[in-house]
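Report on one structure; see the data block that follows.
We count residues from 1, following the sequence as given. None of these values were measured; they are calculated from a predicted model.
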Amino acid sequence: MLEYAKQLLNTESDAIRSASEKIGEQFERALEIILKHHGKIVVCGMGKSGHIARKIAATLSSIGQQAVFLHPSEAAHGDLGVYSPGDPTILLSKSGASDEVLRLVPTLKLFHSPIIAIVGDMSSPLAESADVVIDISFAKEADPLKILPTTSAIVSLAIGDALAVEIMHARGFSKLDFARYHPAGQLGRNLLLHVSDVMQRLNKCACVEMEDSLRKAVIEMTNHPLGAALIMGKTGELIGIITDGDIRRSLQNKVNIDELKVSDIAIRNPTVVQPDASLGDAIAIMEGRASQISVLPVINPNNSKVVGLIRLHDVYRH
């Protein structure tokens, strides 16, 4: 059974590779139309092409390019009101002869909409009537019957992605820009939020001194269950840290907890982070190590005093 799956994936990857060699002047013209337009882009297709069109519209929206999906059948029943004069339209059709799509063309010309067609037949009615034509005729379907929209759908999607990344490059789209449009996702949180936005404040943290008993540290960590205790100096500076794991490892040695002090198991000069660091920076510090850590003391860079603690749980919580 794997043989057919591998054949399909190879056929589709070959088609995308061929697409990269084939795009040229028409692709550049399509890109120029989009970049010069200050309004929305309408993306339209029927059937499986419609699903791909919807994805392309969503991708364009995610990079700050106004874009909407228009169902060709619904368009003629009132949804054409989405247009503003001059809004470009990307029409997807493998055959270039879908009735629902072709019926839109005369109306779109009345709206002065530049038509960018992604088609699999360069002699089709859609290809002949469009302002710009991106050819996917090389896209042989990958199923045994050569009829399922497999390769044609994948190549159409790849063309849409290629347009999107060119737009990103031309407009200098940055990670911060992306985060503005994805504030609820983890990437958005990592870029937009700072350690100070999610950290545990000092009054919620277990705090001990080096000469305190380990028993006291355990009690403090029980009362403030964040997975660690901050070891403080007399003036609020950070001296070290104890984690739950440190205590468990010490007890495995069958020691008497009443005989141990904090200083016996303390991690001195621990890794720290500043309040104004991004969540992404904090993740990199905690996870970008051979031995990952799950808590970081937060230090005021101006006076080196502890202001709180951040955990991986705080970074990834929603």
Side-chain angles (χ1 to χ4, degrees), residues 175-176 179 182-318:
K175 285 186 176 181
L176 185 58
H182 299 74
Q186 189 61 47
L187 177 58
R189 283 172 56 83
N190 292 353
L191 293 170
L192 292 177
L193 297 183
H194 297 90
V195 167
S196 58
D197 295 320
V198 304
M199 73 180 192
Q200 303 294 326
R201 305 291 169 178
L202 191 59
N203 63 341
K204 294 185 178 181
C205 299
C207 298
V208 295
E209 297 180 1
M210 277 293 187
E211 295 306 309
D212 286 339
S213 68
L214 186 58
R215 177 176 291 276
K216 179 179 178 181
V218 171
I219 293 172
E220 284 294 312
M221 292 168 70
T222 302
N223 293 333
H224 303 85
L226 299 178
L230 300 168
I231 306 172
M232 312 276 286
K234 297 298 183 183
T235 60
E237 74 277 15
L238 180 72
I239 298 178
I241 191 173
I242 296 176
T243 67
D244 287 342
D246 297 326
I247 295 174
R248 288 195 300 271
R249 284 185 288 273
S250 66
L251 294 179
Q252 284 179 336
N253 297 324
K254 298 181 180 179
V255 297
N256 185 342
I257 192 172
D258 291 314
E259 295 178 354
L260 292 180
K261 292 184 177 181
V262 167
S263 58
D264 293 323
I265 67 168
I267 300 173
R268 292 171 169 79
N269 301 315
T271 303
V272 299
V273 69
Q274 297 182 2
D276 60 353
S278 70
L279 293 194
D281 291 337
I283 290 174
I285 293 172
M286 288 190 273
E287 295 186 341
R289 305 161 43 101
S291 176
Q292 294 186 4
I293 54 179
S294 58
V295 292
L296 281 177
V298 184
I299 303 298
N300 186 327
N302 297 321
N303 54 25
S304 299
K305 292 187 177 181
V306 191
V307 294
L309 186 76
I310 185 170
R311 307 166 296 167
L312 273 177
H313 175 74
D314 300 318
V315 172
Y316 288 120
R317 73 185 180 188
H318 295 286

Between CD1 of I310 and CE of M286, what distance do you get to the nearest 0.5 Å?
-> 5.0 Å
Verdict with supporting geometry, V272 and I285, side-chain contact (heavy atoms from CB on, under 4.5 Å) = CA-CA 9 Å; V272 299; I285 293 172; over 6 Å; no
Roughly how far, to the nearest 0.5 Å, is the CE atom of M221 from the CG atom of L214?
-> 8.5 Å
Atom pair NZ (K216) and CD (E211), whose distance is rounded to the nearest 0.5 Å = 11.5 Å
If you take all heavy atoms of Y316 and E287, which pair is closest and at what distance?
-> OH-OE2, 3.1 Å
Could you check H313 against Q200 for side-chain contact (heavy atoms from CB on, under 4.5 Å), going step by step and ending with a plain yes or no?
-> CA-CA 11 Å; H313 175 74; Q200 303 294 326; over 6 Å; no
Minimum side-chain heavy-atom gap T243-R249 below 4.5 Å | yes
Show every donor-acceptor pair shorter than 3.5 Å between a side-chain atom in residues 222-229 and any protein atom, with sequence neighbours excluded, or say none if there are none.
{"residue": "T222", "atom": "OG1", "partner": "V218", "partner atom": "O", "Å": "2.8"}
{"residue": "N223", "atom": "ND2", "partner": "I219", "partner atom": "O", "Å": "3.3"}
{"residue": "H224", "atom": "ND1", "partner": "E220", "partner atom": "O", "Å": "3.2"}

Kindly write out the residues that satisfy side chain to side chain contact (heavy atoms under 4.5 Å, CB included) with L202, not counting sequence neighbours, or none if the list is empty.
-> C207, L230, M232, V306
Could you give the side-chain donor-acceptor pairs of residues 273-283 under 3.5 Å, partners two or more places apart or in another chain?
{"residue": "S278", "atom": "OG", "partner": "G280", "partner atom": "N", "Å": "3.4"}
{"residue": "S278", "atom": "OG", "partner": "D281", "partner atom": "N", "Å": "3.0"}
{"residue": "S278", "atom": "OG", "partner": "D281", "partner atom": "OD2", "Å": "3.2"}

Nearest heavy-atom approach of A266 to I242 is CA-CG1, 4.2 Å
Without placing hydrogens or testing angles, list every side-chain donor-acceptor pair under 3.5 Å for residues 288-297, not counting sequence neighbours.
{"residue": "R289", "atom": "NE", "partner": "S291", "partner atom": "O", "Å": "2.9"}
{"residue": "R289", "atom": "NH1", "partner": "T271", "partner atom": "OG1", "Å": "3.4"}

Who passes side chain to side chain donor-acceptor pair (under 3.5 Å) against R201, sequence neighbours left out?
-> none
Return the set of residues passing side chain to side chain contact (heavy atoms under 4.5 Å, CB included) with N303 (not counting sequence neighbours), or none when no residue passes.
-> N300, K305
Heavy-atom pair of closest approach, residues I231 and E209 = CG2-C, 4.0 Å
Electrostatic pair D264:K261 at N-O distance under 4.0 angstrom | no
Reported CD1-to-CD1 distance for the pair I265 and I267, which is rounded to 0.5 angstrom = 8.5 Å
